Amino acid sequence: MAQYCSFYLAEGAYGIDILGIQEILRHQDVTPVPNAPEWVDGLINLRGQIAVVVNLRKRLGLPAAGISGEPIHIISDIEGEPVSLLADKAGDVYEFDPAALAPCPGPAREGAPVLGVFQLENALLHILDPRALLATPVPAAGPLELPET
Amino acid sequence: MDDIVREFVIESAEAMDKYDVLLLALEKDHAGPDGLANVFRIAHTIKGACGFLGFAKLESLTHAGESLLSLLRDGKLAADAGVVSCLLKLGDAVRACLRSIETSGGDAAFDHSALVAEMEALMAGGRTGTAVANPPGTPAGDWSAAEKSPDGSADHVPEAHGEAGRGSDQTIRVDVALLDKLMNLVGELVLVRNQVLQHANDRQKGAAPGAAQQLDLITSELQEGVMKTRMQPIRNVWTRFPRLVRDLAHTCGKEVRLEMDGGGTELDKTILEAIKDPLTHVLRNSIDHGIEPAAERVRAGKPAVGTIRLKAYHKGGQVTIEIGDDGAGIDVAKVAFKAMEKGLVTTERVSRMSDWELAQLIFLPGFSTAEAVTNVSGRGVGMDVVKKHVEGIGGTVDLANRPGQGLTLRIKIPLTLAIIPALIVQAAGQRFAIPQVNVVEVVRLKADAPGKGVEWIQDHPVYRLRGELLPLLRLDDMFRPTYRPLREAIPEDFLAVVQADNAHFGVLLGSVRDTQEIVVKPLSKHLKSAALFAGATIMGDGRVALILDIPGLSLAAGFAREADEAEALAASVAQPETSSGLSVAEENLLLSEVEGLGMYAFPLVSISRLEEISPAALERLGEVDVCQSRGRIMPILRLTDLLEGRRAPLSAAIRTGDQGIKVIVLARGEETVGVVVDRILDVAGSAQIMPALSERPSIRGSAILRGRAVEIVDPEALLGSALATAEIP
């Protein structure tokens with residue numbers, strides 16, 4: 001069994017293996033980086049370390065967030081460096097058997113950021129691959145199928 | 001391992017480095033009177049300590065060496081190549097022995113009887129006189145007493161140490177990991193200091209800023225001190241090179257002299273470690289591939305002895321290490337052939353490469369031109385590894401190839417020290433840090449002058465600074481997806497004059513805040529595409545600020561080009577900014593050639609830029625070919641057609657060829673025209689202009705340039721007819 005930390009983006013439920021997550025932070029001052037990929041919001045100061053802020057909505061091709069509430073920074077360790085994944089709000093921690101991960105329907109895409117889904121009672125939990133999120137040459141993924149809520 | 005033994009191993013290993021250097025100097029006869037005495041002393045010191053520590057084999061080995069050295073010292077034996085080789089072998093054996101002590105704790109497994117026999121043979125060959133005279137400055141007979149009495153040697157060893165390595169009493173060994181940790185702590189301390197300083201400044205009135213000031217002072221000094229502990233002269237790495245060069249040259253049957261310059265240049269210890277192997281490899285290459293055999297050199301009119309020059313210096317905030325030889329240089333044709341043969345590049349690509357690019361092929365993985373695999377090199381792992389190593393520490397490798405004359409490799413290692421002074425500025429709505437090493441001066445723009453003193457040449461902003469024209473750069477322009485200066489009012493009030501490699505330019509700034517010591521944090525590897533930034537730092541208020549990469553900006557804006565790239569290109573880019581309208585004392589001309597029709601010269605000031613367009617980028621619009629350039633549509637027309645007043649699409653040969661199309665871009669305001677020529681040759685100074693030979697509106701005259709008759713194009717007329725041509729459907 002593995003534990004997954006869940007969070008919400010545009011009404012969809014997403015999850016990341018909890019072992020890769022360092023902490024979750026509220027508002028941070030983000031310094032924009034000109035000429036960076038458009039899904040990079042900028043940099044934040046993480047107690048002396050500098051973390052890249054990845055706007056998950058932009059990265060996953062979801063519509064931009066409205067003005068409702070402040071996003072949260074999910075600080076995860078990706079290949080040894082801290083990366084902040086920007087999400088709408090945090091959810092619960094769920095426990096699943098990794099073997100039960102259902103692959104996304106349709107042809108398999110190399111380097112796609114969504115590994116597969118778990119079934120929640122009233123939603124699907126999209127499990128993300130943090131490393132694929134940062135693989136730069138991959139063009140922004142097409143809009144994901146949103147679970148009905 | 002025992003502490004004493006560990007100390008012995010480390011110190012002996014250091015002494016052996018010196019031993020090699022001294023011996024080589026001895027061989028060339030410029031060791032000075034103390035040279036031999038010093039070599040003797042090193043052998044003696046090690047021998048004495050061995051007796052004390054109970055390493056019998058090493059002791060007998062050094063004893064034999066010492067006897068041989070004593071013959072030399074007394075002039076009973078000449079220090080010829082054979083003897084020196086034998087003594088160098090002794091050095092190797094001692095090192096091997098030290099290693100075995102280090103790993104297994106003893107020298108029992110060590111066999112050196114052959115070497116001892118060799119030394120004894122040499123001694124017998126010399127005028128055998130076993131009487132040992134006193135070495136100057138060393139007490140007589142002490143060493144022979146030392147091997148018998150441990151007390152005697154214990155007394156004697158420290159004294160010899162002091163002489164062998166002056167200053168070794170004054171130094172202390174510190175674990176690098178500990179230093180790293182200290183360095184990190186100092187970095188954090190600097191950050192806290194900056195924060196405290198900012199607070200103190202904010203509340204200057206009333207509050208006592210004394211403590212903050214104190215903290216500032218202490219932090220600065222501490223930082224400097226810790227930093228210095230990590231700095232070591234590059235000489236420390238170079239000491240083993242004379243030996244290396246000598247041995248390799250012998251192996252290859254060549255004669256090579258090594259010159260070293262700038263050995264005092266200091267580098268961070270970690271960097272020093274990291275460049276050791278790449279440097280060694282480059283030296284190997286120079287000797288094995290670069291320097292020719294003596295006979296060949298003489299035939300080529302060069303001195304029989306080849307020269308390799310090692311040079312290190314600080315420049316532009318970087319340390320540059322040059323390894324130059326006066327050998328054969330790189331035969332680009334051979335390199336190209338090898339690369340194609342090994343399937344590393346396609347024939348088609350090679351045909352389009354400049355000599356400089358071809359020479360760069362040696363950096364490809366799996367490339368090696370050695371005809372045979374030798375002991376020295378030729379295993380196919382080579383320059384690519386060097387390049388990877390250097391790039392691993394954030395450096396660059398560049399080469400200047402002079403076929404037949406030699407090759408110079410330039411390794412540039414950027415300032416990767418964790419803390420640097422920087423200018424904190426506000427620009428493009430953000431705060432940035434500019435490394436102080438790049439900043440020449442800061443200038444306040446003339447608020448009362450029209451356009452604040454910023455003038456425009458061909459869409460490029462410039463500033464007149466003490467009579468010089470300084471190209472300007474606005475960060476707003478740089479941060480757009482494609483760089484193009486916007487001709488608009490200048491909101492900025494300052495400009496920082498900065499230098500990168502070979503260019504000076506101005507960066508327009510909203511305001512200048514402060515100079516500060518900043519802690520450089522590398523940018524995430526996922527942001528490597530942003531080549532405009534050298535890193536990031538955390539400011540006093542806890543926010544992140546980006547550090548501008550001035551060389552990167554310079555490249556992106558086209559101010560600096562690779563030095564070895566075609567000069568014509570560089571001149572044509574830089575020239576319009578420096579010699580337009582303001583001082584047309586003489587006119588520079590760009591020479592181009594149209595096959596079968598001769599040479600045509602364009603006044604350099606009229607040229608916006610040079611481009612090479614891939615045929616795939618061509619599009620047909622009506623009856624002309626166009627291509628997209630910087631967000632606009634640019635008609636592409638053949639010079640010959642334009643001169644005849646024709647509008648015609650490009651010939652099929654050009655359209656479908658696999659060659660890039662060479663285009664001279666002329667501009668009038670926003671409109672541009674690409675003029676196709678077959679070759680872009682050179683830039684020439686002004687010449688006496690004679691009347692045109694043929695009556696054509698677009699030809700202004702003719703001249704003799706580079707010994708050939710050339711027609712000079714009238715760019716205005718050409719542009720006029722081209723734009724008219726392109727617009728009429």
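Lettering of chains follows the sequences in order, A, B, ..., and the numbering in each one begins at 1. All of these numbers come straight from a predicted model, not from anything done at the bench.
- Considering all non-hydrogen atoms of both residues, A:Val33 and B:Phe533 come closest at CG1-CE1, 3.9 Å.
- For A:Glu23, the CD atom counts as densely surrounded, since its 6.0 Å shell holds more than 12 non-hydrogen atoms of other residues, nucleotides or ligands.
- Between the A:Thr31 side chain and the B:Val544 main chain, a donor and an acceptor come within less than 3.5 Å of each other.
- B:Ile538 CD1 to A:Leu46 CG: the interatomic distance, rounded to the nearest 0.5 Å, is 9.0 Å.
- Looking at A:Val30, only its backbone comes within 4.5 Å of chain B, counting heavy atoms on both sides.
- Proximity to chain B is limited to the side chain of A:Ile50, based on heavy atoms less than 4.5 angstrom apart.
- Annotation: side chain of A:Asn45 is not in contact with side chain of B:Arg543 (no heavy-atom distance under 4.5 Å).
- For residues 421-433 of chain B, the side chain to side chain donor-acceptor pair (under 3.5 Å) pairs, not counting sequence neighbours, are B:Gln426-B:Arg513, B:Arg431-B:Asp541.
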_Does B:Leu523 form a side chain to side chain contact (heavy atoms under 4.5 Å, CB included) with A:Val52? I'd like the steps, not just the answer._
CA-CA 9 Å; B:Leu523 272 192; A:Val52 178; over 6 Å; no
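- Here the side chains of A:Pro32 and B:Leu546 are not in contact, with every heavy-atom distance at 4.5 Å or above.
- Among the residues in residues 75-86 of chain A, those with a non-hydrogen atom closer than 4.5 angstrom to a non-hydrogen atom of chain B are A:Glu79, A:Glu81.
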